[in-house]
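I have placed the structure first, in the form of structure tokens, so that the comments after it can refer back to it.
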Amino acid sequence: MIIVSQDRESIYNFENIKSIDIVENEIYLTDDILADRGTRIGQYETEKRAKEVLEEITENYATSIDYMYNQTLLIRELEKYKESLIYRMPKEW
């Protein structure tokens, strides 16, 4: 799965991410390259909304794993599977 940053200027491979953290109302990720400082991938109006977005990322990742291990994908499920491989950070602040 990949995550598209809120500003739509960066993508991150979920497999290379070490952590995703909430600091107040902002979401940061740390990967092998940014191990010492992390990078902000989204900012929201409230900490509650940031936590909701983090939960959406978790659900999206779980869905992508479910599909990856399912050997009998039906054609009509293929589009949903492709959608689960990308998480776009919501734009609202």
Exercise. Taking the side chain as C-beta and beyond, is there a heavy-atom pair between Q6 and R40 under 4.5 Å?
Worked result: no
Exercise. Is the side chain of Q43 donor-acceptor paired with the backbone N or O of A50 at a distance under 3.5 Å, no angle test?
Worked result: no
Exercise. Any side-chain heavy atom of M1 sitting closer than 4.5 Å to one from I57?
Worked result: yes
For this session: Under the side-chain contact (heavy atoms from CB on, under 4.5 Å) rule, what do I20 and L29 come out as? Steps first, then yes or no, please.
Result: CA-CA 4 Å; I20 299 177; L29 67 77; 4.1 Å; yes
Problem set entry | Contacts of Y28 that satisfy ring pair (Phe, Tyr, Trp, His ring centres under 6.0 Å) - sequence neighbours left out | none
Problem set entry | Test item: Y44 side-chain N/O and P90 main-chain N/O as donor-acceptor pair under 3.5 Å | yes
For this session: Find the distance between CG (L85) and OG1 (T63) and round it off to the nearest 0.5 Å.
Result: 10.5 Å
Problem set entry | Value rounded to 0.5 Å, distance of CG in D21 from CD in E26 | 12.0 Å
For this session: Count the heavy atoms belonging to other residues, nucleotides or ligands that lie under 6.0 Å from CD1 of I11, then report whether that count exceeds 12.
Result: no
For this session: Test side-chain contact (heavy atoms from CB on, under 4.5 Å) on I17 and F14 and set out the steps.
Result: CA-CA 5 Å; I17 294 172; F14 195 84; 4.1 Å; yes
Problem set entry | Test side chain to side chain contact (heavy atoms under 4.5 Å, CB included) applied to S10 - qualifying residues, sequence neighbours left out | S5, Y12
Exercise. What pairs meet the salt bridge (charged side-chain N to carboxylate O under 4.0 Å, His left out) rule with one or both residues in residues 51-62, with sequence neighbours excluded?
Worked result: E47-K51, R49-E52, R49-E56
